[in-house]
Amino acid sequence: MGGGLLVAGTTSDAGKSVVTAGICRWLVRRGVKVAPFKAQNMSLNSFVTREGAEIGRAQAMQAQAARVEPTALMNPVLLKPGSDRSSQVVLMGKPVGEMSARGYHGGRQEALLGTVTDCLEQLRSTYDAVICEGAGSPAEINLRRTDIVNMGIARAAKFPVLVVGDIDRGGVFASFFGTTALLSAEDQSLVAGYLVNKFRGDVSLLEPGLDMLYGLTGRRTYGVLPFTHGLGIDEEDGLRVSMRGAVRESVVAPPHGEEVLRVAVCAVPLMSNFTDVDALAAEPGVVVRFVDRADELADADLVIVPGTRGTVKALAWLRERGLADALVRRAAEGRPVLGICGGFQVLGERIEDEVESRAGVVDGLGLLPVRVRFDRAKTLARPVGSALGEPVEGYEIHHGVADVRGGEPFLDGCRVGAVWGTHWHGSLESDGFRRRFLVEVARAAGRRFVPAPDTSFGVLREEQLDRLGDLVEEHADTDALWRLIEGGAPGGLPFVPPGAPPAVPDAAESRGAAPDPAPQSPERLEMARPEARGEARKSPGPDAEAKPQGLDVGRSAGPEIAVVHVDQEAK
């Protein structure tokens, strides 16, 4: 059975995804057969595996770091937000319905623990090591009873836990201490230590604090990773840039031609797979920014309407903010516009939606001769084709079925003048096609821009993953990390009081919160047992051993209408 490690975080966006990827790349370079794993992911950035399963893009990126093919086993539960209170549940790569946060944490999540541990055990039987990524923070005490992604999976697998903290945010020592001190004694016994992320400056100035942290918790720090610009690795759960004038990190290189090319991406609600534009940002001389105002489109040479999990909502948002009118004017002037997936649907003539928004028939922007009908069945595919005389690969994730009624063929969509539309995500990662497309855009925009002839997005991604591996190898105690992965958490780790707070079942459950599953401290171990409190032991409910096909998530709502902020990973 393979060894493993759970990479947890003091907060969302502490760096769990990239640290997990870095550890995977470090291990595979030293000859270890390794796989990534995240039991439950909340993300609108997803990917389709070769067997047609939908998983989080972060796990696909980590699989690439490990140099293995991504599979549904690596992310058995994916939650795709559709509002602040509900999510589509994707189980083993397939959508099974919609569920509110209360419904999910009210027992359905707990019923999936057997499923996710089965997936983890299958990976462990195949690989030398499995590096798990947690979600949010393991110290979310209101959710601990139903947790299947942090300490729940660590305890089930008996994996040691490495807690990552983002020191660039401040308060990292308090975060490390507080995270540990809010866990039960059993959970604390698996917390092996800490990893500082995004440190700037002289490490020697940090060392006294690390020594004091060891004195307080009895746990060492396994490394201090420096702040590093330009990694450009796939974001997991949200757009981590401010809207006003923000530019995604691009290759620091002058344009190959005489002028730069400016790309504006409409930051529509519930934006999904905004990583589609990363390949553009990798091109020297291409500047990519996300915008939410009509006047920000004025100087753009190309405007992209990206994917979204709320097509009708995105369309209304574009109209409310004047962006729809600006897009119509651009099209009339022959200025380039590209719609991808939900953005493609927005550009069409009509949307018939009784599934996602249940809004019925809604007029689109009418820029492409396309009519879209939402189907309850979800298209998950890895298409291969050609466009502009170049081979193209992509992936599809959508409920909308497009009826293309004119224009020039463009992948699975069409083109009219300088307006293009397709359901294919990831097409711009095909180097030859991307260059030809940019030539077309530059011509229509009147720019003297020439794409570099040798930019390889695949090579750049490999270089970025190697940089992550380098960070781990150069700035972490890799010998100690390997001992954790191979042998588990050190014995005799001290308990850090006060531990998990006592549960107040009636009040907590009436508020929709989950009672704590474990005692507050070692002294409370005996009283935590139902028999010791004079209570009858409860038999497991009918869903205790539920398998994927048994999950009841309310299909009547339609397969893509709801989403749930389960661990605050999505913003």
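Between Lys16 and Asp166, no side-chain nitrogen of the basic residue sits less than 4.0 Å from a carboxylate oxygen of the acidic one, so the salt-bridge criterion is not met. Under the 4.0 Å criterion applied to side-chain N and carboxylate O atoms, Arg50 and Glu69 are assigned as salt-bridge partners. A salt bridge links Arg25 with Glu462: the closest approach of a Lys/Arg side-chain nitrogen to an acidic carboxylate oxygen falls below 4.0 angstrom. For the pair Arg443 and Glu440, the salt-bridge criterion is met [side-chain N within less than 4.0 Å of a carboxylate O]. A salt bridge links Arg447 with Glu259: at least one charged nitrogen is closer than 4.0 Å to a carboxylate oxygen. Comment: Arg371 does not engage Asp403 in a salt bridge, judged by the lack of any side-chain N to carboxylate O separation of less than 4.0 angstrom. Under a 4.0 Å N-O distance rule, the pair Lys80/Glu54 qualifies as a salt bridge. Between Arg319 and Asp325, no side-chain nitrogen of the basic residue sits less than 4.0 Å from a carboxylate oxygen of the acidic one, so the salt-bridge criterion is not met. Checked for salt-bridge contact, Arg434 and Glu429 miss the test: no charged N lies under 4.0 Å from a carboxylate O.
If you look at Phe437 and Trp420, their ring centroids are closer than 6.0 Å. Ring to ring, His399 and Phe374 are not that close: their centroids are 6.0 angstrom or more apart.
Using cut-offs of 30° and 60° for the angle between ring planes, the Phe410 and Phe433 rings count as tilted.
Applying the side chain to side chain contact (heavy atoms under 4.5 Å, CB included) criterion to Ala314, with sequence neighbours excluded, gives Val268, Pro269, Thr308. Contacts of Phe199 classified as ring pair (Phe, Tyr, Trp, His ring centres under 6.0 Å), with partners at least two apart in sequence or in another chain: none.
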